[in-house]
Number of protein chains: 2
Amino acid sequence: MLAIGTLAKRTGTKVQTIRYYEQIGLMPEPGRTDGGQRRYGDAELDRLAFIRHARQLGFSLEAIRELLDLSDMPDRSCAQVDAIAQKQLREVEARLVRLEALRIELQRMIGACNADRVADCRILEVLRDHEECLADHAATG
Amino acid sequence: MLAIGTLAKRTGTKVQTIRYYEQIGLMPEPGRTDGGQRRYGDAELDRLAFIRHARQLGFSLEAIRELLDLSDMPDRSCAQVDAIAQKQLREVEARLVRLEALRIELQRMIGACNADRVADCRILEVLRDHEECLADHAATG
DNA sequence: GCTTGAAGCTACAGCGGCTGTAGATCGTAT
DNA sequence: ATACGATCTACAGCCGCTGTAGCTTCAAGC
């Protein structure tokens, strides 16, 4: 039986984060000692490792919730799992496109400035006047 | 003199966002009508456009605050402006690297799965077992 | 058995950057 | 004069944690 701190170390999670996951129902309420401290078994360790790994891959907690639910239904079709992963991939790809546009714009902006004084700074000028931009860099990505 | 809604439309900002910027001191407190409604001039329009454009390029509100402060000091060296932009560029580049690693991992994961049933789903397996990953995709990017 | 210090507990506030709501008031066109 | 959209304030909520304060419990050493 593992204390919360041990679980935290083993999965690279903060103790508060584990309690947060419990609070939002992503982790189950574990057993407790007589004194009221949480004690975890291997199932919880695995579940938390799954969650953390999915988080590292950028899945939202909602998506992870779905994935966990699905993985409790081994006989079901795996299409839904696939769909969630595909969606995540598409989101990542979209963010890549936007970020790349940002990178280019920032580079151009920085490259254009060889002024000394703020008054002549091309960076500020570009920021002031949107027309000077090539791409329409929409969101942050 | 522009009402807040007009300012919002002209800059592609939500009304609440403008009020939020005022609240955190990024936008100045504007004049008011007798009835208490905000009225804006061209200076505020320009300032808000600057803010929104910088946001689109991924600058944080804190960075934007610095940029705005600097642009009020036209005789100063433009080096600090450059530094802020460089930092932003470096952050964007770092995020690109991480996102690209994510993309590859997701693609690999999805490509590996040709199962029908959840029980055999490679996607879930990979999520369960970090060892099956190539890269160490740290943060979300 | 007793002491100590680390680790755990609850409850709540705060981060960034907005967004949405409720319920009242204002401004303007007809 | 009226109607209706726009604006007002104040506050809660979003995501995914993270940090704090002020307690209690656990486990190791004596």
Side-chain angles (χ1 to χ4, degrees), chain A residues 1-27 29-40 44 48 50-68 87-88 91 95 98 102 138-141, chain B residues 1-27 29-40 44 48 50-68 87-88 91 95 98 102 138-141:
Chain A
M1 285 298 160
L2 308 169
I4 196 169
T6 315
L7 192 68
K9 252 173 221 152
R10 293 247 188 115
T11 57
T13 316
K14 300 225 168 183
V15 166
Q16 291 105 310
T17 304
I18 299 175
R19 289 198 281 246
Y20 170 70
Y21 288 163
E22 181 184 328
Q23 196 184 305
I24 62 169
L26 202 58
M27 285 292 286
E29 291 186 23
R32 300 262 185 162
T33 63
D34 290 348
Q37 298 195 356
R38 291 167 180 82
R39 285 301 118 100
Y40 296 92
E44 283 98 336
L48 184 54
F50 182 103
I51 294 170
R52 293 311 289 176
H53 192 192
R55 284 297 294 141
Q56 284 176 352
L57 284 163
F59 288 93
S60 71
L61 294 184
E62 253 327 287
I64 293 170
R65 206 188 289 271
E66 284 184 68
L67 289 173
L68 285 166
K87 186 167 172 243
Q88 175 60 16
E91 276 164 27
R95 290 212 278 157
R98 271 180 278 137
L102 287 203
T140 313
Chain B
M1 283 297 159
L2 309 169
I4 195 168
T6 315
L7 192 68
K9 252 173 222 153
R10 294 248 186 113
T11 56
T13 316
K14 301 223 164 183
V15 167
Q16 290 104 311
T17 304
I18 299 175
R19 289 198 281 246
Y20 170 70
Y21 288 164
E22 180 184 329
Q23 196 184 304
I24 62 168
L26 202 57
M27 286 291 287
E29 291 187 23
R32 301 261 186 165
T33 63
D34 289 349
Q37 298 195 355
R38 290 168 180 81
R39 287 299 118 102
Y40 296 92
E44 285 98 336
L48 184 54
F50 183 102
I51 293 171
R52 295 309 291 177
H53 192 191
R55 284 296 295 142
Q56 284 176 354
L57 285 164
F59 288 93
S60 72
L61 294 184
E62 253 327 286
I64 293 170
R65 204 188 291 270
E66 284 183 68
L67 289 171
L68 284 166
K87 184 164 172 247
Q88 175 61 16
E91 277 164 25
R95 291 213 278 157
R98 272 180 278 138
L102 286 201
T140 312

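Every chain is numbered from 1, with letters handed out A, B, ... down the list of sequences.
Of the residues near DNA chain D, A:Phe59 and B:Gln37, the one whose nearest nucleotide (by heavy atom distance) lies more toward the 5' end is B:Gln37. Both A:Tyr21 and A:Arg39 lie near DNA chain D, and the one whose nearest nucleotide falls closer to the 5' end is A:Tyr21.
The listed nucleotides are D:dG16, C:dT10, C:dG8; the one nearest the side chain of A:Arg38 is C:dT10. Checked against C:dG17, D:dG19, D:dC17, the side chain of B:Leu61 finds its nearest nucleotide in C:dG17. Set against D:dT20, C:dT10, D:dC17, the side chain of A:Arg19 has C:dT10 as its closest nucleotide. With C:dG17, D:dC26, D:dT7 as the candidates, the nucleotide lying closest to the side chain of B:Ile4 is D:dT7.
Proximity of a side-chain donor or acceptor of A:Gln37 to a complementary backbone N or O of A:Ile4 within less than 3.5 Å is not detected. Of the possible donor and acceptor atoms, none in the side chain of A:Arg98 sits under 3.5 Å from a partner among the backbone N and O of A:Leu102.
Of the side-chain N and O atoms in A:Thr17, one or more sit less than 4.0 angstrom from OP1 or OP2 of D:dT18. Distances shorter than 4.0 Å separate none of the side-chain N or O atoms of B:Tyr20 from OP1 or OP2 on C:dG16. Distances shorter than 4.0 Å separate none of the side-chain N or O atoms of A:Arg32 from OP1 or OP2 on D:dC26. The shortest distance between the side-chain N/O atoms of B:Lys14 and the OP1/OP2 oxygens of C:dG20 is below 4.0 Å. OP1 or OP2 of C:dG27 lies within a sub-4.0 Å distance of a side-chain N or O belonging to B:Thr33. One finds a side-chain N or O of A:Arg55 lying less than 4.0 angstrom from the OP1 or OP2 phosphate oxygen of D:dC17.
As rounded to whole Å, 16 Å separates atom P of D:dT7 from atom CE of B:Met1. Following rounding to the nearest Å, A:Ile18 (CD1) and C:dA7 (P) show an atom-to-atom distance of 14 Å. When rounded to the nearest whole Å, the span between CD of B:Glu29 and P of D:dC8 equals 12 Å. We find that CD of B:Glu22 is positioned 12 Å from P of D:dA10, with the value rounded to whole Å. Here the P atom of nucleotide D:dA6 and the OH atom of B:Tyr40 are 16 Å apart, to the nearest Å. Atom-to-atom, CD of A:Glu62 to C1' of D:dG13 comes out at 15 Å; the value is rounded to the nearest Å. Rounded to whole Å, atom C1' of D:dG16 lies 8 Å from atom CD1 of A:Ile24. Remark: P of D:dC15 and CD1 of A:Ile64 are 13 Å apart, rounded to the nearest angstrom.
Using a 4.0 Å heavy-atom cutoff across all strands shown, A:Arg65 reaches no nucleic acid atom at all.
In this structure, A:Arg38 pairs ionically with A:Glu22, as a charged nitrogen and a carboxylate oxygen lie closer than 4.0 Å.
One distance of note links NZ of A:Lys87 with CZ of A:Phe59; it measures 10.5 Å at 0.5 Å rounding. Atoms OH and CG, from B:Tyr21 and B:Leu61 in turn, are 5.5 Å apart once rounded to the nearest 0.5 Å.
Here the shortest heavy-atom pairing between A:Arg52 and A:Thr11 reads CG-O, 3.9 Å.
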